[in-house]
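Any value given below was found using the heavy atoms of this structure, including those in side chains, with hydrogens, waters and symmetry copies removed. Values in this document were obtained by computation on a predicted structure and should not be read as measured data.
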Amino acid sequence: AGVPLIGWVLRAAVDSGLYDSVWVSTDDEQIMKVAERFGAQVHRRSPETSKDTTSSFDTIVEFLQYHPEIDIIGNIQCTSPCLHPKHLKDVMRMFLEEGYESVFSVVRRHQFRWEELSDKVTVTRPLNFNPAKRPRRQDWPGELCENGSFYFATTALIKRGFIQDGKLSYYIMEPEYSVDIDVDIDWPIAEQRVLKYGYLGEDVIKKISLLVCNIEGCLTPSQVLPSANRNGNNLNDDPDVTGINLSQEIGRA
């Protein structure tokens, strides 16, 4: 979509204006360059926290060892690129005004789930509904599922060995913003979603000052009518012409 994956969430975090600092924890030189280009600082991971088996929690613990001044830390994941500054501002209000120790992002799903059983006679059973009284979607509030966008916690909670504990709450994100890239097939879907729902930054043009159109050929239905003098006559597409006229009137208002 024209922006490095990590760039989408860094732009949202930096533009939120909430944080004393925004960091990227990595051992990759290319990621470091992208992080700095989008206004983040870089924490170079140690070999111990750069393994394929390293958990996100392990990297957070290491980071806090170098930055004990931090009171609240947010693990924002680049694999959920439709994050907006508003989401982050709402979460920080939950910490500062309501006193939560941990907040994570979720999305409301309406999916009937079944358990896989090893019993040869009974191979499955419903987990979250009664098949005899199968509810309509509009009559069922659904379930809250982690969408992987972010996990925030106080440093004190992290030091106790948890990122989800204490005075705990969730933050519901709308489905259109709940993009989670996990496997290869998620990429094309995420790319289309981020182009429509991703955060484009504060410098997005709010007003068009000048619109230039080449009318010949672009406002016609690609039809030519022969005339008596053998000169072709183009047909104008009236809805398109009307749209241009309305745009001119609005622009003069």
A.B. asks: What about Ile73 and Val103, same hydrophobic cluster or not, with Ile/Leu/Val/Met/Phe/Trp/Tyr joined at side-chain heavy-atom distances under 4.5 Å?
C.D. replies: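 No.
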A.B. asks: Mind checking the SG-CH2 spacing from Cys78 to Trp8? Nearest 0.5 Å is all I need.
C.D. replies: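 Reported value, rounded in 0.5 Å steps: 13.5 Å.
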A.B. asks: If two hydrophobic side chains count as joined below 4.5 Å and joins carry through other members, does Tyr170 share a cluster with Phe150?
C.D. replies: no
A.B. asks: Check each of Arg113, Gln111, Arg134 against Phe129 using the side-chain contact (heavy atoms from CB on, under 4.5 Å) test, and report the only one that passes.
C.D. replies: Arg134
A.B. asks: Rounded to the nearest 0.5 Å, what's the gap from CD on Glu48 to OG on Ser50? Could you check?
C.D. replies: 8.0 Å
A.B. asks: Thr49 and Ser46: side-chain hydrogen bond (donor to acceptor under 3.5 Å, both in side chains), yes or no, with the steps?
C.D. replies: CA-CA 5 Å; Thr49 57; Ser46 67; 3.3 Å; yes
A.B. asks: Is any side-chain heavy atom of Glu143 closer than 4.5 Å to a side-chain heavy atom of Asn128?
C.D. replies: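 The answer is yes, as the side chains (C-beta and beyond) meet within the 4.5 Å cut-off.
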A.B. asks: State whether the side chain of Asp186 and the backbone N or O of Asp182 hold a donor-acceptor pair below 3.5 Å, judged by distance alone.
C.D. replies: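 Confirmed, Asp186 side chain pairs with Asp182 backbone.
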A.B. asks: To the closest 0.5 Å, what do you measure between CE (Met94) and OG (Ser102)?
C.D. replies: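 OG of Ser102 is found 9.5 Å from CE of Met94.
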A.B. asks: Please step through side-chain contact (heavy atoms from CB on, under 4.5 Å) for the pair Leu18 and Lys89, ending with a clear verdict.
C.D. replies: CA-CA 7 Å; Leu18 293 170; Lys89 291 177 181 179; 3.8 Å; yes
A.B. asks: Identify the two heavy atoms, one from Asp184 and one from Pro188, that lie closest to each other, and give their separation to 0.1 Å.
C.D. replies: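 Heavy atoms only, the tightest pair is O-CD, 3.7 Å.
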A.B. asks: May I ask you to check whether Trp23 and Ser25 show a side-chain donor-acceptor distance below 3.5 Å?
C.D. replies: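 No, Ser25 and Trp23 have no side-chain donor paired with an acceptor closer than 3.5 Å.
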A.B. asks: Rounded to the nearest 0.5 Å, how far apart are CG of Asp15 and CG of Leu88?
C.D. replies: 10.5 Å
A.B. asks: Under the 3.5 angstrom rule, does the side chain of His67 hit a backbone N or O of Leu64 as a donor-acceptor pair?
C.D. replies: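 Answer holds: no.
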A.B. asks: Distance-only, no hydrogens or angles: does the Ser80 side chain make a donor-acceptor pair with backbone N or O of Val179 under 3.5 Å?
C.D. replies: yes
A.B. asks: Taking Leu157 as the starting point, is it possible to reach Tyr19 by hopping between hydrophobic residues whose side chains are less than 4.5 Å apart?
C.D. replies: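 Not linked; separate clusters.
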A.B. asks: Sequence neighbours excluded, which residues qualify as ring pair (Phe, Tyr, Trp, His ring centres under 6.0 Å) partners of Phe57?
C.D. replies: none
A.B. asks: Rounded to the nearest 0.5 Å, what separates atom CD in Glu98 from atom OG in Ser169?
C.D. replies: 7.5 Å
A.B. asks: Looking at every non-hydrogen atom in both residues, tell me the closest pair between Arg109 and Cys145 and how far apart they are.
C.D. replies: CG-SG, 3.6 Å
A.B. asks: For Glu146 and Tyr151, run side-chain hydrogen bond (donor to acceptor under 3.5 Å, both in side chains): C-alpha distance rounded to whole Å, both residues' side-chain angles, the deciding distance at 0.1 Å, then the answer.
C.D. replies: CA-CA 10 Å; Glu146 291 187 18; Tyr151 300 83; 2.5 Å; yes
A.B. asks: Do other residues, nucleotides or ligands put more than 12 heavy atoms under 6.0 Å from the CG atom of Asp139?
C.D. replies: yes
A.B. asks: Hey, are the side chains of Ile72 and Thr155 touching, using non-hydrogen atoms and a 4.5 Å cut-off?
C.D. replies: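 No, their side chains stay 4.5 Å or more apart.
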A.B. asks: To the nearest 0.5 Å, what is the distance between CD1 (Ile158) and CD1 (Ile70)?
C.D. replies: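 Between atom CD1 of Ile158 and atom CD1 of Ile70 there are 11.0 Å.
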A.B. asks: For Ile181 and Trp187: C-alpha separation, side-chain torsions, deciding distance, then whether side-chain contact (heavy atoms from CB on, under 4.5 Å) applies.
C.D. replies: CA-CA 6 Å; Ile181 301 173; Trp187 277 100; 3.9 Å; yes
A.B. asks: For Tyr177, is there any backbone N or O sitting under 3.5 Å from a side-chain donor or acceptor partner on Arg193?
C.D. replies: no
A.B. asks: Between Phe152 and Asn75, is any pair of side-chain heavy atoms under 4.5 Å apart?
C.D. replies: no
A.B. asks: Tell me the closest heavy-atom pair linking Arg108 and Ile172, and the distance in Å.
C.D. replies: NH2-CD1, 3.5 Å
A.B. asks: So, His43 and Glu62: side-chain donor and acceptor under 3.5 Å apart, yes or no?
C.D. replies: yes
A.B. asks: I want to check something: taking the side chain as every heavy atom from C-beta on, are Pro85 and Tyr199 in contact at a cut-off of under 4.5 Å?
C.D. replies: yes
A.B. asks: Hey, does the side chain of Ser105 reach the backbone of Tyr171 with a donor-acceptor pair shorter than 3.5 angstrom?
C.D. replies: no
A.B. asks: Taking the side chain from Thr124 and the backbone from Glu115, do they hold a donor-acceptor pair closer than 3.5 Å?
C.D. replies: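 Checking the backbone N and O of Glu115 against the side chain of Thr124, a donor-acceptor pair under 3.5 Å is found.
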A.B. asks: Any link between Phe63 and Val24 through a network of hydrophobic side chains (Ile, Leu, Val, Met, Phe, Trp, Tyr) touching at under 4.5 Å?
C.D. replies: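 Shared cluster, no.
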A.B. asks: With the side chain counted from C-beta on, respond yes when Gln77 and Ser149 share a heavy-atom pair under 4.5 Å apart, and no when they do not.
C.D. replies: no
A.B. asks: Say whether Tyr100 and Met173 are linked into one hydrophobic cluster, either directly or through other cluster members, by side-chain heavy-atom distances under 4.5 angstrom.
C.D. replies: yes
A.B. asks: Taking the side chain as every heavy atom from C-beta outward, state whether Phe38 and Val3 have any atom pair closer than 4.5 Å.
C.D. replies: yes
A.B. asks: Got Phe95 and Thr154 here, is their nearest side-chain heavy-atom distance under 4.5 Å?
C.D. replies: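 Yes, close enough: below the 4.5 Å cut-off.
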A.B. asks: Cation over ring, Arg136 on Trp140, under 6.0 Å and within 45°?
C.D. replies: no
A.B. asks: With heavy-atom distances below 4.5 Å as the criterion, would you say the side chains of Arg45 and Thr59 are in contact?
C.D. replies: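 A side-chain contact exists here, since the closest heavy-atom pair is under 4.5 Å.
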A.B. asks: Has Ile185 got more than 12 heavy atoms of other residues, nucleotides or ligands less than 6.0 Å from its CD1?
C.D. replies: no
A.B. asks: With a 4.0 Å cut-off on N to O distance, would you call Glu101 and Arg160 a salt bridge?
C.D. replies: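 Salt bridge flag = yes for Arg160 with Glu101.
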A.B. asks: Which atom pairs, donor and acceptor, lie under 3.5 Å between side-chain atoms of residues 29-36 and protein residues at least two apart or in another chain?
C.D. replies:
unit_1 : atom_1 : unit_2 : atom_2 : d
Glu29  : OE2    : Arg44  : NH1    : 3.1
Glu29  : OE2    : Arg44  : NH2    : 3.3

A.B. asks: Might you point out which heavy atoms bring Thr79 and Leu5 nearest each other, and give the distance in Å?
C.D. replies: CA-CD2, 4.4 Å
